[in-house]
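Naming convention: chains lettered A, B, ... in sequence-line order (proteins, then strands); numbering from 1 in each chain.
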Amino acid sequence: MRGLCVNTCTDSAPIAAARSIAVSIPPEEETCAPICTAAYATRMAVRVRIAPSPTGLLHIGTARTALFNWLFARHEGGEFRLRIENTDTSREVAEAVDQIQDSLRWLGLDWDGPHTFQLDRMEDCRQVAERLLADGKAYEDEGAIRFRMPDEGVTAWDDIVRGRIEYPNEKLEDVVIVRSDGRPTYNFASPMEDVWDGITHVIRGDDHIPNTPKQLNIIRAVGAEIPVYAHVPMIFGMDGNKLSKRHGAQAVEEFRTAGYLPETMLNFLALLGWAPDGETTLMSRDELVERFSLERVSPSPSQFDYQKLDWMNGVYLRALPSAEFAHRLLLWLGENGFDWDAERVTRAAPLVQEKIARLDEFPGFAGFFFRDVDPSEADLDGGAPMLTAAEEALIALEPFDAPAIEAALRAAADRLELKPRQAFQPIRVAVTGSKVSPGLFESIELLGRETTLSRLRVAGSSAA
RNA sequence: GGCGCAUUCGUCUAGUGGCCUAGGACACCGCCCUCUCACGGCGGCGGCACGGGUUCGAAUCCCGUAUGCGCCUCCA
């Protein structure tokens, strides 16, 4: 029994319509006039938000929550807003706001309207707190202001992803809504902003479930309309613990640096806790928007599988038109401090497109096109005769292209009575400096006769 | 400790009482292709946490147990 429209999820209307189903059954007196008279009454469409705190880079879990919000908004034709929750000034990091926006933009999660800061509503929050105080719904406590929670009954709501959740009111403690220094706390500012911004659906991590009954009561106390809640599961590392440094990348920026494509991240993240059916795994941004629904979000947490991410990124990399692949490669190299010849990168790109899963593999895999190599003697072991033969075969070869190079080298191998793999491996090591490389003949063509011959010669003498 | 949430192959998941001999994908293993790697093709391994119910019939409904996680800040 989860979701608001079980069995009726064939279209999206019920989601947007099913609002204000949160219930509270406290034996309290009738509330007086609404304190908040924001113009949300006329809102029809869906409006959601992502509310990161500016304490550092955008975490992948926050990005996933942002994605669900964005997908929902775009699917419903509604709005997606960005709100920075910076009430805790002590933990704020100066560049974080810009970094968060960069990450969001890189992922293509565009937000509507300007981003807002929680701190800018400090004064509004204080006024509401004063009003609450005057109405006896809050009280002072050592300089701070606490909100009076109901003592009896239960506070409950129908969560779109987990069904009905109930909290006995006696368990709810009176939360501090304004600190002694006058700044509002998260549990006060956040729901108030949701009210002022006309947020219709609060889609957030399930670590906020225990906060929800408190926020619900605050919203009720100010006489505002309750939004619909959807608590999405968290993401853990492969060991079942919170995603942390030792698992690898955890911030969106780090995945970008590792050479993942934004379309990969979107697709992969969407599938963490959501699936359109049992078969589909590859979906474009548009398809994601078209098929996404909160009803199909799973309530159980998932683990972040880096291997699957790599596989998926490889799929996206290979699917790129080759010119686009080269373009992305160039962009990535530029962002990561590789000042390599663009024309040569563009020519090398097709040789690696099918072979790498992440852009950051390029320097290691194709670096021999751009810098000298230093093959180890052990890898060259016993290859001297073939190296000499290769040199002779290529020295006057015309044309110097992959098909001709392959023919010449195969002929040389035949003369030495070597199997292809035995013959070509020393050449590969000599020319690329590694036992693993892009296609040998294409690589030699791109490298050019001069460089190839000189590398063959150097390796030939050290292997002898 | 209290409260809450969760529990299908190693991982992501499909599944809403009979279509399930539990389907797909990643990973893994084997074979094929092959100049290495990768791609691709074929095949394989592997799961309903446990115990009680309800029912002609349960992965699906109910109860309990276990385990994991989250929150209990004048953090967000």
Checklist entry - If you look at every strand shown and take non-hydrogen atoms under 4.0 Å, does A:A275 touch a base, only sugar-phosphate, or nothing? => result sugar-phosphate

Checklist entry - Do we get A:R64 above A:F68's six-membered ring, with its NZ or CZ under 6.0 Å from the centre and within 45° of the axis? => result yes

Checklist entry - For A:L272 and B:A14, what is the distance between atoms CG and C1' respectively, to the nearest whole Å? => result 16 Å

Checklist entry - Of the candidate nucleotides B:G70, B:A6, B:C35, which contains the atom at the shortest distance from the side chain of A:L440? => result B:C35

Checklist entry - Do any side-chain nitrogens or oxygens of A:S180 fall under 4.0 Å of OP1 or OP2 in B:C74? => result no

Item to check | P gap between B:U16 and B:U73, integer Å | outcome: 42 Å

Checklist entry - Mind checking the P distance from B:U7 to B:U13? Whole angstroms is fine. => result 11 Å

Item to check | For B:C3, the Watson-Crick or wobble counterpart (both distances under 3.5 Å) | outcome: B:G70

Checklist entry - Quick one: A:L380 CG to B:U36 P, roughly how many Å, whole number? => result 18 Å

Checklist entry - How many Å lie between NE2 on A:H231 and C1' on B:G70, as a whole number? => result 11 Å

Checklist entry - When the C1' atoms of B:G41 and B:C33 are considered, how many whole Å apart are they? => result 8 Å

Checklist outcome for this item: Any strand, both distances under 3.5 Å, Watson-Crick or G-U wobble: B:A58 pairs with none

Checklist entry - With rounding to whole Å, what would you report as the distance between B:U60 and B:C42 at their C1' atoms? => result 34 Å

Checklist entry - Using a cut-off of 4.0 Å on non-hydrogen atoms, how would the nucleic acid contact of A:Q303 be classed: base, sugar-phosphate, or nothing? => result sugar-phosphate

Checklist entry - Using a cut-off of 4.0 Å on non-hydrogen atoms, how would the nucleic acid contact of A:F441 be classed: base, sugar-phosphate, or nothing? => result base

Next on the checklist: Please name the nucleotide paired to B:U21 by Watson-Crick or G-U wobble geometry with both distances under 3.5 Å, or report none.
Outcome noted: none

Next on the checklist: For a quick test of reading the model: is some side-chain N or O of A:R421 closer than 4.0 Å to OP1 or OP2 of B:U36?
Outcome noted: yes

Checklist outcome for this item: The nucleotide from B:U36, B:G10, B:C5 with an atom nearest the side chain of A:D305 is B:G10

Item to check | Pairing of A:E263 and A:R285 as salt bridge, 4.0 angstrom limit | outcome: no

Checklist entry - Taking the side chain of A:K171 as its heavy atoms from C-beta onward, which of B:G2, B:A6, B:C26 lies nearest to it? => result B:G2

Next on the checklist: Taking any heavy-atom pair under 4.0 Å as a contact, classify A:L271: base, sugar-phosphate, or nothing.
Outcome noted: sugar-phosphate

Checklist entry - When all nucleic acid strands are considered with a 4.0 Å heavy-atom cut-off, which category describes A:H208: base, sugar-phosphate, or nothing? => result base

Item to check | Identity of whatever pairs with B:A14 - Watson-Crick or G-U, under 3.5 angstrom | outcome: none

Checklist entry - Checking ring pair (Phe, Tyr, Trp, His ring centres under 6.0 Å) for the pair A:F441/A:F424: CA distance, chi angles, key distance, verdict? => result CA-CA 10 Å; A:F441 317 118; A:F424 300 148; 5.2 Å; yes

Checklist entry - Roughly how many Å is it from CD in A:Q425 to C1' in B:U34, rounded to a whole number? => result 12 Å

Checklist entry - Is A:I145 touching bases, backbone alone, or none of the nucleic acid, heavy atoms closer than 4.0 Å? => result nothing

Checklist entry - Would you say the base of B:C5 and the side-chain of A:R162 have a donor-acceptor pair closer than 3.5 Å? => result no

Checklist outcome for this item: Rounded to whole Å, the CZ-P distance (A:F304 to B:A27) equals 15 Å

Checklist entry - Relative to the 5' end of RNA chain B, which residue comes earlier, A:P420 or A:W274, by the nucleotide with the nearest heavy atom? => result A:W274

Item to check | Neighbour count >12 (heavy atoms, 6.0 Å) for atom CD, A:E142 | outcome: no

Checklist entry - Of A:R81, A:R49, A:R121, which meets side chain to side chain donor-acceptor pair (under 3.5 Å) against A:E193? => result A:R121

Item to check | Separation of the C1' atoms in B:C48 and B:U8, to the nearest angstrom | outcome: 4 Å

Next on the checklist: Regarding A:G143, tell me which of base, sugar-phosphate or nothing describes its non-hydrogen contacts under 4.0 Å with the strands shown.
Outcome noted: nothing

Checklist outcome for this item: Ranking A:S300 and A:Y186 by the position along RNA chain B of their nearest nucleotide, the one closer to 5' is A:S300

Checklist entry - So, are A:D310 and A:R358 salt-bridged, with charged N and O less than 4.0 Å apart? => result yes

Checklist entry - CG of A:L309 versus P of B:U11: gap in Å, rounded? => result 17 Å

Checklist entry - Watson-Crick or G-U wobble partner for B:G51, using a 3.5 Å limit on both distances? => result B:C63

Next on the checklist: If the cut-off is 4.0 Å, is A:S302 near the phosphate of B:U13, judged by side-chain N/O to OP1 or OP2?
Outcome noted: yes

Next on the checklist: Heavy atoms only, 4.0 Å cut-off, all strands: where does A:T432 land among base, sugar-phosphate and nothing?
Outcome noted: nothing

Next on the checklist: Under 4.0 Å, counting only non-hydrogen atoms across every strand here, what does A:N86 touch: a base, just sugar-phosphate, or nothing?
Outcome noted: nothing

Item to check | Among B:C74, B:A25, B:A76, the nucleotide that comes nearest once only the side chain of A:K308 is considered | outcome: B:A25

Next on the checklist: Is A:R179 close enough to B:C75 that one of its side-chain N or O atoms is under 4.0 Å from OP1 or OP2 there?
Outcome noted: yes

Next on the checklist: Taking only the P atom of each, what is the distance from B:C37 to B:G30 in whole angstrom?
Outcome noted: 14 Å

Next on the checklist: With a 6.0 Å cut-off (strictly less than), is the heavy-atom count around CZ of A:R421, excluding the residue itself, greater than 12?
Outcome noted: no

Checklist entry - B:C37, B:A76, B:G23: which one has an atom nearest the side-chain heavy atoms of A:E279? => result B:G23

Checklist entry - For B:U36, which nucleotide in any strand shown is its Watson-Crick or wobble partner with both distances under 3.5 Å? => result none

Item to check | Geometric class of the A:Y306/A:F255 ring pair [parallel <30°, tilted 30-60°, perpendicular >60°] | outcome: parallel

Checklist entry - Going by modelled atom types, is there a donor-acceptor pair between the base of B:U36 and the side chain of A:K355 at under 3.5 Å? => result yes

Checklist entry - Any luck finding a side-chain donor-acceptor pair between A:S53 and A:N86 under 3.5 Å? => result no

Item to check | Rounded distance in Å between the C1' positions of B:C61 and B:U55 | outcome: 10 Å

Checklist entry - What does A:E142 touch in the nucleic acid at a heavy-atom separation under 4.0 angstrom: a base, only the sugar-phosphate, or nothing? => result base

Item to check | Length of the CG-P vector between A:N187 and B:A76, whole Å | outcome: 8 Å

Checklist outcome for this item: B:C28 -> Watson-Crick or G-U wobble partner, both distances under 3.5 Å, gives B:G44

Checklist entry - Does A:R162 come within less than 4.0 Å of A:D206, counting only side-chain N to carboxylate O? => result yes

Next on the checklist: Need one value for A:S437: base, sugar-phosphate or nothing, where a base atom within 4.0 Å counts as base even if backbone is also close, heavy atoms only.
Outcome noted: base

Next on the checklist: Can you identify which nucleotide, out of B:C72, B:A6, B:A76, has its nearest atom closest to the A:E173 side chain?
Outcome noted: B:C72

Checklist entry - Within less than 4.0 Å of OP1 or OP2 of B:C74, is there a side-chain N or O belonging to A:R183? => result no

Checklist entry - Between B:C74, B:G23, B:C35, which nucleotide has the shortest distance from any of its atoms to the side chain of A:E442? => result B:C35

Item to check | B:C72 to B:A49 separation - P atoms, rounded to the nearest Å | outcome: 30 Å

Checklist entry - Can you tell me how far C1' of B:A76 sits from CE of A:M122, to the nearest Å? => result 17 Å

Next on the checklist: Applying a 4.0 Å non-hydrogen cut-off, can you work out what A:D141 is touching in the nucleic acid: base, sugar-phosphate, or nothing?
Outcome noted: base

